[in-house]
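See structure below.
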Amino acid sequence: MRKPCCDHNKEEMQRGAWSKQEDQKLIDYITKHGEGCWRNLPKAAGLLRCGKSCRLRWINYLSPNLKRGNFSEDEDDLIIKLHALLGNRWSLIAGRLPGRTDNEVKNYWNSHLRRKLIKMGIDPNNHRISHYLHIKRLEFLPKNSTRENDGVISDTASSCADGQQITSSLPDLNSLP
DNA sequence: AACCGGTACAACCGCTTGTTA
DNA sequence: CTAACAAGCGGTTGTACCGGT
């Protein structure tokens, strides 16, 4: 059995929301010494947090490289495409979105994009047209129309919502921005 | 005004992976 | 080779906030 990464039994270990003072201590320390050795960082920075917690706070909230604010339509599209290709590999997806973190992308997916796809009749888990809509579309579309291969959505999801431009091939990952 | 359900997001937890001795 | 460790990742939870009743 492995040791826990940090000693949560220590009653002085701080948990929950970060205070402004804690944030400042973390920023000051990393500005001075840079990232790395998260395990020792809390002690060195004078924080009563575990290293994991410090890392998460820095990466997801305090890092100066973060682009805060709403996701653009382009980012929405890109996330949907990348999710179709990579699945729940949030860090990989976030790696292709400058200024966005895995946690941010994951939260955005779960609270916005999943719903958006469901509304459009697309199963967010496999990017296929939901059963009911799938049947409806098969009834509706001409037999020889170029459309989905096994229902997998590959191109921009918005176009799929209109029942148009459903293509059979997945986008080339290398061609993405 | 009070309650309730839904949403958004920060943070935690447990597991996996990569590295080193 | 393998055990131990640090870091990273993804799932999940907790909670503040908001709009509707």
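Labels below follow one simple rule: chain letters A, B, ... track the order of the sequence lines, proteins then strands, and each chain is numbered from 1. Just the heavy atoms: all of them, side chains too, but no hydrogens, waters or symmetry mates, feed the values below.
Around the NZ atom of A:Lys43, the shell of radius 6.0 Å holds no more than 12 heavy atoms that belong to other residues, nucleotides or ligands.
For the pair A:Asn103 CG and C:dC9 P, the interatomic distance rounds to 12 Å; values are reported in whole Å. One atom, CG of A:Leu26, and another, P of B:dA11, lie 11 Å apart when rounded to the nearest Å. Following rounding to the nearest Å, A:Arg57 (CZ) and B:dA10 (P) show an atom-to-atom distance of 8 Å. In this entry the distance linking CH2 of A:Trp90 with P of B:dC9 reads 15 Å, nearest Å. The distance between atom CG of A:Leu56 and atom C1' of B:dC13, rounded to the nearest whole Å, is 11 Å. Atom-to-atom, CZ of A:Arg15 to C1' of B:dA10 comes out at 14 Å; the value is rounded to the nearest Å. One can place CZ of A:Arg39 at 14 Å from P of C:dA4, the figure rounded to the nearest angstrom. Note: CZ (A:Arg55) to C1' (B:dA10) measures 14 Å, nearest angstrom.
Between A:Arg49 and B:dC12 there is a side-chain polar atom (N or O) within less than 4.0 angstrom of OP1 or OP2. Taking side-chain N and O atoms only, A:Ser53 has no distance below 4.0 Å to OP1 or OP2 of B:dA11. The shortest distance between the side-chain N/O atoms of A:Arg89 and the OP1/OP2 oxygens of C:dC9 is not below 4.0 Å.
Near-neighbour residues of DNA chain B inside residues 105-115 of chain A, defined by a heavy atom below 4.0 Å, number-ordered: A:Asn107, A:Ser111, A:His112, A:Arg115.
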Compile the donor-acceptor pairs under 3.5 Å between side chains in residues 26-33 of chain A and protein atoms, sequence neighbours left out, one pair per line.
residue: A:Asp28; atom: OD1; partner: A:Gln24; partner atom: NE2; Å: 3.0
residue: A:Thr31; atom: OG1; partner: A:Ile27; partner atom: O; Å: 2.5
residue: A:His33; atom: ND1; partner: A:Tyr29; partner atom: O; Å: 3.2

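Distances from the side chain of A:Lys52 to the nucleotides C:dG10, B:dA11, B:dC13 place B:dC13 closest. When distances run from any side-chain atom of A:Asp102 to the nucleotides C:dG11, C:dC9, C:dA7, the shortest one goes to C:dC9.
Ring geometry for A:His83 versus A:His127: interplanar angle of 30 to 60°, hence tilted.
Note on A:Asn60: nothing from the nucleic acid sits closer than 4.0 angstrom, heavy atoms only.
For A:Trp58, the side chain to side chain donor-acceptor pair (under 3.5 Å) partners two or more places apart in sequence, or in a different chain, are A:Glu35.
In this structure, the side chain of A:Ser111 engages the main chain of A:Asn107 through a donor-acceptor pair within 3.5 Å.
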Derivation and outcome, salt bridge (Lys or Arg N to Asp or Glu O under 4.0 Å), residues A:Arg96 and A:Glu75:
CA-CA 10 Å; A:Arg96 292 194 163 260; A:Glu75 285 176 310; over 6 Å; no
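Because its NZ or CZ atom is both nearer than 6.0 Å to the ring centre of A:Trp18 and within 45° of the ring axis, A:Arg49 counts as a cation-pi partner of that residue.
Across all strands shown, B:dA1 forms no Watson-Crick or G-U wobble pair with both distances under 3.5 Å.
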